[in-house]
Amino acid sequence: MKSPLLSLPGAVPAEAPDEGVAAHYGDLFREQRALADGSGFVDLSHRGVLAVSGPERLSWLHLLITQHVSELPPGQATEALILSAHGHIEHALYLVDDGETTWIHTEPGNQGALLAYLESMKFFYRVEIADRTAELAVVHLPAGSIAEVPADTVVRETPQGRDLFLPRADLESFAAVTGPAVGILALEALRVEAHRPRLGLETDHRTIPHELGWIGTAVHLQKGCYRGQETVARVHNLGKPPRRLVFLHLDGSEVHLPPHGTPVRLAADGEEGRQLGFVTTSARHHELGPIALALVKRNVPVDAALLAGNTAAAQEVVVEP
């Protein structure tokens, strides 16, 4: 869906996977500082929205996802994953329950596949699942924001800020009183700084939660009975994941950021050396300069200087080897 806020002055459309909203509104670093200071809002209306209702919604979701939600209190935000039978990440869900309905937002364009999976698992449970993307737009208010939230709006509050499930028809009027609008690139830069993974960027077809630090935040280790749980328990108790997420400080003299998928190698081996991983997300940060997240093999020395493509990179540990 193309956001009406792309008509705001200075709006530059974002590229995949965030088509439909603004990358920025003319001043990337000013927008980042606004978010860091608790002002402005981010248009996330391209994200998918699902609603799960019915008296058994929480106990039913509890059986399917990696998070403990059977007794989730109204208003308490959480996040969860859906795994394959082999423990690979297939979906990432960001949830809040309002006492009658569990509201979920997920990656742009992913709601159809998620809805199909949930529908296939209904069986005889008293639940109803609906795609509400056409009616509701997700809007992010940063931590510390004093912006007024419209009455009756579903709010998902986390340490990073508040996600509002706003009627799509109200998006322009909300922007008019809540600005300044902040582009998705600013939010992504702060996400990279905070080492938070994102489905489809930090993940590929074989990613398991341990590689990204999602154990404990999106995966509850004191519950079982969900698809892929055996892999989660085995790796946690008996082994180590094959790869690990790292944070990279990139050489600031380079004009271009290494895009998603750029090979990561040991600097000592040069650009022809063996590939040890790949860049997942790169960003320009208003204080740290060019930064990135990357997924590398577990046995890469934590103090090794790296190359992201032809860009020198110093690593910080996110997931312990």
Side-chain angles (χ1 to χ4, degrees), residues 1-6 13-14 16-22 41-67 69 72 74-84 89-140 149-150 152-158 162-175 184 187 198-201 203 218 226-227:
M1 286 191 176
K2 184 177 179 180
S3 173
L5 302 190
L6 283 172
D18 292 312
E19 301 103 324
V21 296
F41 74 94
V42 184
D43 175 13
L44 299 178
S45 61
H46 62 320
R47 291 185 66 81
V49 176
L50 298 184
V52 182
S53 57
E56 296 178 327
R57 67 190 181 283
L58 290 176
S59 59
W60 172 72
L61 282 169
H62 185 80
L63 298 174
L64 303 179
I65 64 179
T66 56
Q67 190 57 269
V69 296
L72 185 68
Q76 180 174 310
T78 193
E79 59 185 88
L81 308 173
I82 291 177
L83 308 179
S84 73
I89 300 168
E90 293 188 344
H91 298 282
L93 294 68
Y94 300 86
L95 307 91
V96 66
D97 192 87
D98 65 5
E100 296 182 354
T101 301
T102 301
W103 298 93
I104 301 167
H105 70 77
T106 190
E107 289 297 323
N110 195 47
Q111 65 271 17
L114 177 56
L115 176 64
Y117 172 72
L118 294 177
E119 286 283 359
S120 74
M121 301 301 290
K122 279 175 63 173
F123 302 113
F124 299 107
Y125 287 91
R126 293 178 295 166
V127 295
E128 295 296 331
I129 312 135
D131 184 349
R132 301 291 298 276
T133 308
E135 305 159 52
L136 295 173
V138 179
V139 173
H140 176 77
V149 176
D152 301 322
T153 301
V154 175
V155 179
R156 180 180 176 274
E157 186 163 2
T158 73
R162 291 172 289 171
D163 297 336
L164 313 184
F165 292 80
L166 193 71
R168 193 170 288 273
D170 297 343
L171 191 56
E172 290 180 278
S173 60
F174 177 85
I184 189 72
L187 186 64
R198 182 176 172 188
L199 182 77
L201 293 175
T203 68
Y226 60 87
R227 191 173 66 176

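Note: hydrogens, waters and symmetry copies are ignored here, and every other heavy atom, side chains too, is used.
The main-chain N or O of Val127 is never found under 3.5 Å from a side-chain atom of Glu56 such that the two would form a donor-acceptor pair.
Around atom CD of Glu135, more than 12 heavy atoms belonging to other residues, nucleotides or ligands sit under 6.0 Å away. For Glu128, the CD atom is loosely surrounded, since the number of other residues' heavy atoms within 6.0 Å does not exceed 12. Applying the 6.0 Å contact sphere to NZ of Lys122 captures more than 12 heavy atoms from other residues, nucleotides or ligands. Around the OH atom of Tyr125, the shell of radius 6.0 Å holds no more than 12 heavy atoms that belong to other residues, nucleotides or ligands.
Counting heavy atoms from C-beta on, the side chains of Ser45 and Leu171 come closer than 4.5 Å. Considering only heavy atoms from C-beta on, Leu164 stays 4.5 Å or farther from Phe41 through its side chain. Looking at Tyr226 and Leu64, their side chains never come closer than 4.5 Å, going by heavy atoms from C-beta outward. Using a 4.5 Å heavy-atom threshold, the side chains of Leu5 and Glu172 count as touching.
Trp103 and Asp97 share no side-chain donor-acceptor pair at under 3.5 Å.
Atoms CG and CG, on Leu93 and Leu199 in that order, are 9.5 Å from each other to the nearest 0.5 Å.
Closest of all the heavy-atom pairs between His105 and Arg47 is ND1-NE, 2.9 Å. Nearest heavy atom pair, residue Ile129 against residue Leu115, reads CG2-CD1, 3.3 Å. Taking all atoms of both residues into account, the shortest heavy-atom contact from Arg57 to Val52 is CD-O, 3.3 Å.
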